[in-house]
Amino acid sequence: NRYDRDGTGYAVKGYLPMSFSPTGATILALPAQLREGPATDSVSVLAAKTGRALVTGRSPRDFVTLWESQWEDNTHLLCVVQQGEGRWAIVRLGLDGKAELAVPPIRDAESP
């Protein structure tokens, strides 16, 4: 698979690693194929030693887009999600596979 941005790119297989967890034991990773810059429909956490996926969070089909994900702590990610036009929320995804709203959906100032 190929990751392209601004006319440049590089080949990746399986996952596109983004950042290590605070302890370095796990890695935040995106799918190998990204279609709209940082926007994606899934995010994974990989074991740093093996590269094996420990958990993958997926958005419902054609419903939510994941824009940005960061480590909250060693066992949770915070993911900025867009739901439809101009509706945004932050979801907390745990390594146990559970997801919860960290910040409820709001409308941005540019949406009707």
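As the structure is a prediction and not an experimental result, all values here were calculated from the model.
- Between Asp41 and Leu66 there is no side-chain heavy-atom pair separated by less than 4.5 Å.
- Placement of Ile106 and Ile90 in two distinct hydrophobic clusters is found when ILVMFWY residues are connected by side-chain heavy-atom separations under 4.5 Å, directly or transitively.
- The nearest pair of heavy atoms linking His76 to Gly94 is CD2-CA, 3.6 Å.
- Using a 4.5 Å heavy-atom threshold, the side chains of Leu77 and Val45 count as touching.
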| query | Could you go step by step and tell me if Leu78 and Val91 meet the side-chain contact (heavy atoms from CB on, under 4.5 Å) rule? | reply | CA-CA 6 Å; Leu78 292 175; Val91 173; over 6 Å; no
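- Note that CG of Asp73 and OG of Ser21 are 9.5 Å apart. Values are rounded to the nearest 0.5 Å.
- Here CZ of Arg58 is found 11.5 Å from CG of Leu93. Values are rounded to the nearest 0.5 Å.
- What you find for Asp108 and Trp88 is that their closest heavy atoms are OD2-NE1, 3.1 Å.
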Next on the checklist: Does Trp71 form a side-chain contact (heavy atoms from CB on, under 4.5 Å) with Leu28? I'd like the steps, not just the answer.
Outcome noted: CA-CA 8 Å; Trp71 290 100; Leu28 164 63; 3.7 Å; yes
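- Of all heavy-atom pairs spanning Asn74 and Thr26, the tightest one is O-OG1, 4.4 Å.
- Considering all non-hydrogen atoms of both residues, Pro17 and Ile27 come closest at CB-CG2, 4.0 Å.
- When all heavy atoms are compared, the tightest approach of Arg107 to Glu85 is NH1-O, 3.0 Å.
- Looking at Trp67 and Gln82, their side chains do bring a donor and an acceptor atom within 3.5 Å of each other.
- When side chains are defined from C-beta on, Cys79 counts as touching Val43, because their heavy atoms get closer than 4.5 Å.
- The two residues Val55 and Gly97 come nearest to each other via the heavy atoms CG2-CA, 3.7 Å.
- For the side chain to side chain donor-acceptor pair (under 3.5 Å) condition, the pairs that include at least one residue of residues 90-101, sequence neighbours left out, are Glu72-Arg92, Arg92-Glu100.
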